[in-house]
Amino acid sequence: MKGYVLEQIEPSKFVLQMGPHHPATHGVLKLFLELEGERVARCRPEVGYLHRGIEKLAETKTYPQVVPLTDRLDYIASMINNVGYCVAVERLLGIEPPPRAKFLRTMVCELSRISNHLLWLATHALDIGAMTVFLYCFREREQILWFLEEICGARLTFSYPRIGGVRIDVEEKTLEKIDRFIDGFFQKIDEYEGLLTENRIWIARTRGVGVINPEDAIAYGLTGPSLRGSGINYDVRKHFPYDAYSEVDFEVPVGKHGDTYDRYLCRVQEMRQSAKIVKQCIQKMPEGSILAENAIELDLPPSGKKKLHPEGWSTGAFISFLKEKEPLLPEGEIYSAVEGAKGELGFFIISDGSGRPYRVRIRVPSFIHISAIPKLAEGQFLADVVAIIGTLDIVMGEADK
Amino acid sequence: MKQLLKKILLIDLIKGLLITLRTIFTQPVTIRYPKQKREIAPGFRGRHALVRDPETGKERCVACLRCARVCPSQCIYIGYKEDETSGRRVLTKYEIEAFRCVYCGYCVEVCPVNAIVLTEFYEYAAYDKEENYFTKEKLLQNWDEFLSLYKHQEYINKFWYLRGIERIRLPYEKRFPTPIRIKKEG
């Protein structure tokens, strides 16, 4: 057999285009996967299928009118987006909401966070193959949506907070209902955990999948439960408290190994902590007003200025008002972040005093998390890519803005 | 050793199966939608309507244009002319493009005379695009349709009254909640 030289066969690369209509990509994310056998050699995410230009649109609207736009960012926990925007504008304009408004906001935010984590757990488990958890989670999520509907009249696009407080007070009987629900909710979380936490199939699919060490997690800009799963204790609610978070007692669950399983445990623990916060908010709920005294009106310009124009505020009057160059609102710029359901949700707003934001830049966690997919998916099996997309908790409405 | 025994005896799987077994004996939480309907919370932001004043039988709108100005998606079109003798504005056109509406409820909140409302009616998907372009007549008709399906005796939208906000901040008509009494025929 001498004289024959076997040619080294290079493992051929197979390019697979996953998405944008793949049910496991949680929206319209497209992944170019270069496969070597069944392992992922390279991965390139493509975003932009759901771009609606929210940042640019916000420049054409007055400050209160931007609130419904932020609903459409992360449409699973839109309450947190609303609150994040309102907190940013309040800090910019120097408005301090009254305590009842702060507690109400904290409560609805945490309810929203629970509903987000429930939906995450449901779809993540469904992607990996656990059908029952999906149905159980949606059972509780429906109840939370029902409470939010009672509070503000909408199930997903709430627009509940407003600059300087909240729009409408919550009735006492709704608070009692939520309190009763939270009492039983801890047991429901035990139910999900009983199905998953010790389950050998779940562990086989999640442990050691999509590992990211703390240094890389920080370098990639991960925030929220995705970062805390790697063992870094960073939570905007704890470190830069806003609303009533400084007055409630809660812990920040932190993982160890930075894999999918730890991130799962983190989020489940976070649900427990959120439920605790909701309970404390209901107990500590102060009485009083829900709107700050110097809060801006829904229909800018503020009512004080209206007296200048006895003929009323037609469009022409508004234009002539702008020509006077008298600033309607304080000028300045601010970056303000809140802990979104997915991670740090930041709003950078420049005000030029015209009543409309000069520029709004939104730091969305989903977009930044997508940039970590190639790192997490490197060398993993193709089937685990689904788990990796799920574990980062991506919503494309937020990533593409 | 204990771990191994747990693994061989399938404890983890049996634990999960017991949970699912328990739910067999509970009531189903689902409802059979088209036949069985969910109760809608008061103040749900559904289909638009112009309130028909029970006294005059006409719309309440005074054409102040606040709703058109506050609307984030600018889907409200209003036309008016001024009455020669009294100087009051008379509404000639009131149109809402429901496809562009984002259902934020700002219009209901700023309306000084409680003329517009987002009713709790939500089943209005249509085959024809024209059907969800609401003109003034269609909006009044929406109101009648909503009231005919409404079960209670009195109606008040919670975005008219705005609980928890100081009364002084609200327009005069919104300070005192005056529910609309519904006269049922027969």
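Below, chain A is the first sequence line, B the second, and so on; all start at residue 1. Note: hydrogens, waters and symmetry copies are ignored here, and every other heavy atom, side chains too, is used.
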For [X], is it the side chain, the backbone, both, or neither that has a heavy atom closer than 4.5 Å to a heavy atom of chain B?
{"X": "A:Val66", "answer": "neither"}
{"X": "A:Glu171", "answer": "both"}
{"X": "A:Ala58", "answer": "neither"}
{"X": "A:Arg167", "answer": "both"}
{"X": "A:Tyr136", "answer": "side chain"}
{"X": "A:Thr132", "answer": "side chain"}
{"X": "A:Leu57", "answer": "neither"}

Going through the distances and angles, do B:Tyr155 and B:Trp143 end up as a ring pair (Phe, Tyr, Trp, His ring centres under 6.0 Å)?
CA-CA 11 Å; B:Tyr155 178 75; B:Trp143 173 251; 5.7 Å; yes

Do you know which of [options] has the most heavy-atom pairs with chain B at a distance under 4.5 angstrom?
{"options": "A:Asp169, A:Thr157, A:Val170", "value": "A:Asp169"}
{"options": "A:Glu149, A:Glu198, A:Glu287, A:Arg162", "value": "A:Glu149"}
{"options": "A:Asn199, A:Thr174, A:Leu196", "value": "A:Asn199"}
{"options": "A:Ile168, A:Asp71, A:Leu195, A:Ile151", "value": "A:Ile168"}

Which atoms of [X] are under 4.5 Å from chain A, going by heavy atoms: the side chain, the backbone, both sets, or neither?
{"X": "B:Val110", "value": "side chain"}
{"X": "B:Glu109", "value": "side chain"}
{"X": "B:Leu13", "value": "side chain"}
{"X": "B:Ile40", "value": "both"}
{"X": "B:Cys71", "value": "backbone"}
{"X": "B:Leu18", "value": "neither"}

Cut-off 3.5 Å, side chains only: do B:Glu97 and B:Tyr77 have a donor facing an acceptor?
yes

B:Arg60 pairs by side chain to side chain contact (heavy atoms under 4.5 Å, CB included) with which of B:Ile116, B:Leu50, B:Asn114?
B:Asn114

So how far is it from A:Gln143 CD to A:Arg180 CZ, rounded to the nearest 0.5 Å?
11.0 Å

Cation over ring face, A:Arg207 and A:Tyr261, 6.0 Å, 45°
yes

Can you see which heavy atom on B:Tyr103 is nearest to which on B:Arg45, and at what distance?
O-NE, 2.8 Å

Note: [X]-[Y] ion pair, threshold 4.0 Å (strictly below):
{"X": "B:Asp83", "Y": "B:Arg88", "value": "no"}
{"X": "A:Glu193", "Y": "B:Lys15", "value": "no"}
{"X": "B:Lys158", "Y": "A:Glu150", "value": "no"}
{"X": "A:Arg105", "Y": "A:Glu90", "value": "yes"}
{"X": "A:Lys56", "Y": "A:Glu59", "value": "yes"}

